[in-house]
Amino acid sequence: MPRSLVCLVLLTLSVACRTAAPVAPDAVQVARTPAAAEWEKRLDAVRFAPASPAQQQTFAQIQRELEAAVQKDPADAHLHYLLGRVYFYQERDAEAARELDRALELAPEVAEYHYLKGYFFGVVQDRQGAIAELTRATELAPRVAKYQAVLGETLLTVDEARAVTAFLRALELEPDNALSAGYLGLMLLAQGKEEEGLRWLAKTTTQSPSNPMTQYNIAQAYQNHGDHERALAHFQAAARDMPEDWRTLAKLVQEHEALKQFKERDAARARLLKLNDEGKVDSPFFVREQFQEGAAKVMVTEHFKLEGDWAVRYTFHVEEARPGAAPVEWRLSLGSYAFTNELRPPGVTERTFHFDGYEADHSHLTFAFFRGEPSYEDTRKLAVAVLRGEVKPVSGTRFNRE
């Protein structure tokens with residue numbers, strides 16, 4: 001897998017989940033009434049609940065109560081902050097910005113207010129605003145790890161050196177800070193420092209970092225390293241937030257295959273086929289499996305449909321190491337070509353399939369014919385037998401070059 005995929009997250013602005021915006025009550029240096037503390041408790045409980053009409057109704061109820069409280073006591077900065085949070089979770093951005101600004105006017109030295117305003121700017125894609133507010137939060141509360149971590153995340157595509165400093169500071173304060181460890185690990189992998197990068201990635205969880213593309217890239221790193229259990233867990237985390245991302249579903253197919261979880265593999269593949277039927281896949285094929293067989297690295301692609309005169313279902317792309325020489329690339333494929341099916345005996349309605357090899361010098365070898373389409377399992381067994389030299393071609397054309 002190209003390293004560029006591993007560091008993809010370093011090239012894009014991370015869009016944070018609104019309700020994932022954490023709060024740190026201990027960092028809020030402002031007096032809160034018992035009522036405010038209760039609203040805060042209710043907000044924390046509902047913001048992680050599954051999206052539903054009930055969740056929105058609870059937000060709306062808290063919103064009404066806080067609007068009344070703010071009207072009664074407009075000088076209470078924390079009430080404005082809490083109301084800003086509710087509007088933020090409801091995606092009412094203009095009102096959220098207004099209330100957060102009012103909280104900061106009344107209490108400009110409260111780090112948490114600057115943090116949430118910075119988080120808000122990150123969601124609405126105002127990177128410079130986010131950096132300014134998050135920087136101020138770290139200045140006011142330099143020992144709060146989450147402020148350093150989110151500042152580092154926001155700085156990634158602007159000032160990598162400063163981002164690293166923020167991540168390291170967060171980890172100094174909180175050694176298991178998964179957000180910082182995840183990004184540091186990916187950055188080190190992009191630099192080719194695999195052992196060190198994987199050591200940092202081991203501190204991540206399937207909940208943190210919360211950005212699904214970051215989870216995807218962490219999973220990709222583990223897949224490249226052959227750690228399929230961790231790869232699967234992180235791909236599953238990415239899929240929860242990107243349920244219609246077909247590439248992530250393809251990764252689930254690959255990792256369930258690697259772990260011999262065939263029931264789960266087939267379920268993930270079924271979801272992928274459904275997405276394709278709905279027109280939500282922008283490719284005629286997907287990568288079904290990646291495996292090693294002896295000196296050969298194999299990547300298998302599966303075409304969704306048998307189309308055209310040269311229809312192919314599976315292609316086994318082989319990169320074979322050769323001692324003292326560059327690797328040799330060739331392929332095996334299960335196809336059902338138009339001209340082959342024109343030769344079917346009278347009365348035979350099933351398609352004829354054939355398993356062929358195409359070598360780097362354009363040699364074409366046929367290893368088997370099938371009446372009807374063989375399963376993936378049977379096709380894979382045949383491919384492995386060919387790679388091991390256990391099956392010889394039944395026909396073919398070789399090119400011998402002097």
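- To the nearest 0.5 Å, atoms CG (Leu151) and OG1 (Thr138) are separated by 5.5 Å.
- Under the salt bridge (charged side-chain N to carboxylate O under 4.0 Å, His left out) test applied with Glu302, the options Arg313, Arg265, Arg380, Arg269 reduce to a single match, Arg269.
- In this model, no donor atom of one side chain and acceptor atom of the other lie less than 3.5 Å apart for Glu67 and Gln71.
- Annotation for Arg143: atom CZ does not count as buried by contact number, only 12 or fewer foreign heavy atoms lying within 6.0 Å.
- In terms of heavy-atom proximity, Thr315 sits nearest to Ser333 at OG1-CB, 4.0 Å.
- Smallest separation of non-hydrogen atoms from Arg169 and Pro142: NH2-O, 3.5 Å.
- Salt bridge status for Arg351 with Glu373: absent, with no side-chain N to carboxylate O gap under 4.0 Å.
- Looking at every heavy atom in both residues, Pro108 comes nearest to Leu140 through O-CD1, 3.9 Å.
- Residues His354 and Asp356 bring a donor and an acceptor atom of their side chains to less than 3.5 Å of each other.
- Side-chain contact check for Glu112 and Tyr147: at least one donor-acceptor pair (N or O, by modelled atom type) lies under 3.5 Å.
- The aromatic rings of His303 and Phe285 lie tilted to each other, with the angle between the two planes from 30° to 60°.
- A salt bridge does not link Glu377 to Lys381: none of the charged nitrogens lies less than 4.0 Å from a carboxylate oxygen.
- Side-chain contact check for Glu257 and Gln254: no donor-acceptor pair (N or O, by modelled atom type) lies under 3.5 Å.
- The shortest non-hydrogen separation linking Trp246 to Lys280 is CD1-O, 3.8 Å.
- Using a cutoff of 4.0 Å between basic side-chain nitrogens and carboxylate oxygens, Asp277 and Lys305 are not scored as salt-bridged.
- Under a cutoff of 6.0 Å and an axis angle of 45°, Arg92 and Tyr87 do not form a cation-pi pair.
- Here the two rings, on Phe339 and Trp310, have centers that are under 6.0 Å apart.
- The aromatic ring centres of Tyr81 and His78 sit less than 6.0 Å apart.
- Taking a cutoff of 4.0 Å between a charged side-chain nitrogen and a carboxylate oxygen, Glu99 and Arg102 do not qualify as a salt bridge.
- Ring geometry for Phe167 against Tyr183 counts as parallel: the plane angle stays under 30°, on a 0 to 90° scale with 60° as the upper cut.
- Here the shortest heavy-atom pairing between Phe235 and Thr248 reads O-CG2, 3.6 Å.
- Shown here for Leu249 and Pro243, the closest heavy-atom pair between the two residues is CD1-O, 4.2 Å.
- Taking the six-membered ring for Trp and the full ring otherwise, Phe355 and Phe370 have centroids separated by 6.0 Å or more.
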